Protein chains: 2
Amino acid sequence: MVNPLIRKLEHFARLTSGERQALERVVQTTRRLGPREDVIRDGDRPRHVNLILEGWACRYKQLEDGRRQVISIFLPGDLCDPHVFVLRKMDHSLGTLTPVLLAEIPEAAIREISAESRTLSEALWWEMLVTAAIQREWTVSLGQRLATERLGHLFCELFMRLKAVGLTSETSCEFPITQADLGDAMGLSTVHINRTLKELRAAGLIRLRGRQLTIPDFAALRAASLFDPAYLHHERDPSILHDD
Amino acid sequence: MVNPLIRKLEHFARLTSGERQALERVVQTTRRLGPREDVIRDGDRPRHVNLILEGWACRYKQLEDGRRQVISIFLPGDLCDPHVFVLRKMDHSLGTLTPVLLAEIPEAAIREISAESRTLSEALWWEMLVTAAIQREWTVSLGQRLATERLGHLFCELFMRLKAVGLTSETSCEFPITQADLGDAMGLSTVHINRTLKELRAAGLIRLRGRQLTIPDFAALRAASLFDPAYLHHERDPSILHDD
DNA sequence: CGATAGGTTGAGTCGCATCAACCGGGGTGG
DNA sequence: CCACCCCGGTTGATGCGACTCAACCTATCG
């Protein structure tokens, strides 16, 4: 298994084999979790940087009265907060959505690879800034987009992020999360997620059965969802933006 | 005028006078803008880090069809993206909400102060991570909170952030933005902002007249809005959390 | 003093929530 | 092997929160 972080970072920078090896080396301790488990909880002191190797995870926050918001979704290759150590306590939780394999990277290892190579240091910056950009785009979705646009936009985003780590076929990808989790992420009720999916299916924009998502016409979904991939900053390899 | 960034960072770290001077020195070029002007536009190449010295600004994103989302609000002492240079193009715009005085800090100056002092380097990290935490909290607001809670939460947040840079009195602060901008930030229509404000006023939770906000009973507003200030990570000086 | 930006209010509508019932499949235990 | 359960998905009925449209009010400023 190739470390998916490497695949992702190569969309930003051309890496030397030494740099690739350095990235391989950060994967020392790994940890396997089942679905719906917490990686770290709100209030805990962060101990290491988590790198998702397999499966889907998320940040989430639970309000006192039980309402739950999924704040971001992590896919293979995603680094959870390369610099959390500066903060004493987590202000949100990290949990799995599916079974997950993750690498626990010590603070020192992150510092080392940034010190070793300027390219890697910049690549880690890029990763962080893209994460922030994604968070901003979610803000836009929750604030402005209707349910159909919101879901369509999410499908576009996740498909492209999965494509960047080689986890898509021509028009399909795994889509292993429940409608309830989708609802918590999009600020919509499960029932409404279900009806919205029905609508997107009826419009021929997606197929979604079991754990498989198909986007037969990416350009159409993109147009319907006002999706503009610029915020993903695949600047070295913009070809990934076009699915032709 | 004391650089408000210094005031803010002192809530995270104890700074030496040398470190304070280093932060003073980054303010070389300044720029004055009127209200409703763009600092930098979506698609532009970022040229420097912007530090707000006076006034309120925001990030925003405009959809093709005109819908506008204010993604975050910048107050005096806020640094806009200390490391944008890694990205080639802005994926959103920065605009003023009121007249603004800002400092344009060159990339090199940021690098220098981080290199000079480990404390400052960590303090800048802290600033970045808190910005990200605020963004996540907005995601929660937009996804889960009702209009009254959403607005109440925003008032709590802004009041505390202003307090951290000395821009509040006992129970009041300047609140110079329009209901239309509030609406764009909270994902609500202007009309509904207006009615929600009326409701908060009627409940005695806020007073808002002209450009002055008063929160007579912070604890009450905090409870009504499910506001938990942990995400602001005022870890060195938690006293700021209590308004008694 | 008129123009204009921002704020306020009412009436009608719509998107999405809630509640509730039901379906289907995979896993488990008798 | 079948009965049952439970989780996730699906559908209908009804209600509420927020939107839209539209009018009007108020303060500020040239």
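As the structure is a prediction and not an experimental result, all values here were calculated from the model. Residue numbering restarts at 1 for every chain, and letters A, B, ... go by the order of the sequence lines.
Sorted by first then second residue, the side-chain hydrogen bond (donor to acceptor under 3.5 Å, both in side chains) pairs that include residues 199-215 of chain A, not counting sequence neighbours, are A:S172-A:T214. Among pairs with a residue in residues 94-105 of chain A, those fulfilling salt bridge (Lys or Arg N to Asp or Glu O under 4.0 Å) read A:R31-A:E104, at least two apart in sequence or across chains. Residue pairs that meet the ring-ring contact (aromatic ring centres under 6.0 Å, His included) test with at least one member in residues 164-198 of chain A, sequence neighbours left out, are A:W56-A:F175, A:F155-A:F175. Applying the side-chain hydrogen bond (donor to acceptor under 3.5 Å, both in side chains) test to every pair with at least one member in residues 33-44 of chain B, sequence neighbours left out, gives these pairs: B:R36-B:D181, B:D38-B:R41, B:D38-B:Y60.
The nearest whole Å value for the distance from the CE atom in B:M186 to the P atom in D:dA18 is 13 Å. Between the NE2 atom of B:H192 and the P atom of C:dT13 there is a distance of 19 Å, given to the nearest Å. Between the CD1 atom of A:I193 and the P atom of C:dA17 there is a distance of 8 Å, rounded to whole Å. Rounded to a whole Å, the CZ atom of A:R211 is 12 Å from the C1' atom of D:dC7. Note: CG (A:L200) to P (D:dG9) measures 15 Å, nearest angstrom. Between B:E199 atom CD and D:dA18 atom P there is a gap of 9 Å when expressed in whole angstrom units. Atom CD in A:Q212 sits about 19 Å away from atom P in D:dG8, given to the nearest Å.
For A:A223, there are no side chain to side chain contact (heavy atoms under 4.5 Å, CB included) partners two or more places apart in sequence or in a different chain. A search for salt bridge (Lys or Arg N to Asp or Glu O under 4.0 Å) contacts involving B:D81 returns B:R59, not counting sequence neighbours. Qualifying salt bridge (Lys or Arg N to Asp or Glu O under 4.0 Å) partners for A:R145, counting only residues two or more places apart in sequence or in other chains: A:E137.
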Between N or O atoms, less than 3.5 Å apart, protein on one side and nucleotides 26-28 of chain D on the other: list the pairs.
none

Shorter than 3.5 Å, N or O on both sides, protein versus nucleotides 19-22 of chain C: list them out with atom names.
none

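Residue B:L188 is classed as a sugar-phosphate contact, given heavy-atom separations below 4.0 Å to backbone atoms only. Residue A:R209 is out of contact with every strand shown, counting any heavy-atom pair closer than 4.0 Å. Backbone-only engagement by A:G187 is indicated by non-hydrogen atom pairs under 4.0 Å involving sugar-phosphate atoms exclusively.
The phosphate of C:dT8 (OP1 or OP2) has a side-chain N or O of B:N194 nearer than 4.0 angstrom. Using a 4.0 Å cut-off, some side-chain N or O of A:R201 falls inside it from OP1 or OP2 of D:dT10. Contact annotation: B:K198 side-chain N/O to C:dT9 OP1/OP2 distance is under 4.0 Å.
Screening B:L221, B:L205, B:L208, B:L197 for a side-chain contact (heavy atoms from CB on, under 4.5 Å) with B:L151, the sole residue that qualifies is B:L197.
Using a 30° and 60° split on the angle between ring planes, A:F159 and A:F218 fall in the tilted class, from 30° to 60°.
Between B:D91 and A:R136, at least one side-chain nitrogen of the basic residue sits less than 4.0 Å from a carboxylate oxygen of the acidic one, meeting the salt-bridge criterion. Between A:R67 and A:D184 there is no salt bridge, since no side-chain nitrogen of the basic residue lies less than 4.0 Å from a carboxylate oxygen of the acidic one. The pair B:D217-B:R222 does not meet the salt-bridge criterion, since no charged nitrogen lies less than 4.0 angstrom from a carboxylate oxygen.
Side-chain contact of B:Q135 with A:Q135: a donor-acceptor pair under 3.5 Å is absent, judged by distance alone.
Computed from C1' positions of five pairs at each end, the angle between the two local axes of the helix from C:dC1-D:dG30 to C:dG30-D:dC1 equals 30°, rounded to 10 degrees.
Residues from residues 172-184 of chain B placing a heavy atom under 4.0 Å of any atom in DNA chain D do not occur. Of the residues in residues 141-152 of chain B, none has a non-hydrogen atom less than 4.0 angstrom from any atom of DNA chain C.
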Test side-chain contact (heavy atoms from CB on, under 4.5 Å) applied to B:C58 and B:F74, step by step: CA-CA 5 Å; B:C58 69; B:F74 292 119; 5.5 Å; no
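Checked by atom type and distance alone, the side chain of A:Q144 never pairs as donor or acceptor with a backbone atom of B:G187 at under 3.5 Å. Between the side chain of A:E149 and the backbone N or O of A:L146 there is at least one donor-acceptor pair closer than 3.5 Å.
Contact check for A:I52 versus A:L75: no side-chain heavy atoms found under the 4.5 Å cut-off.
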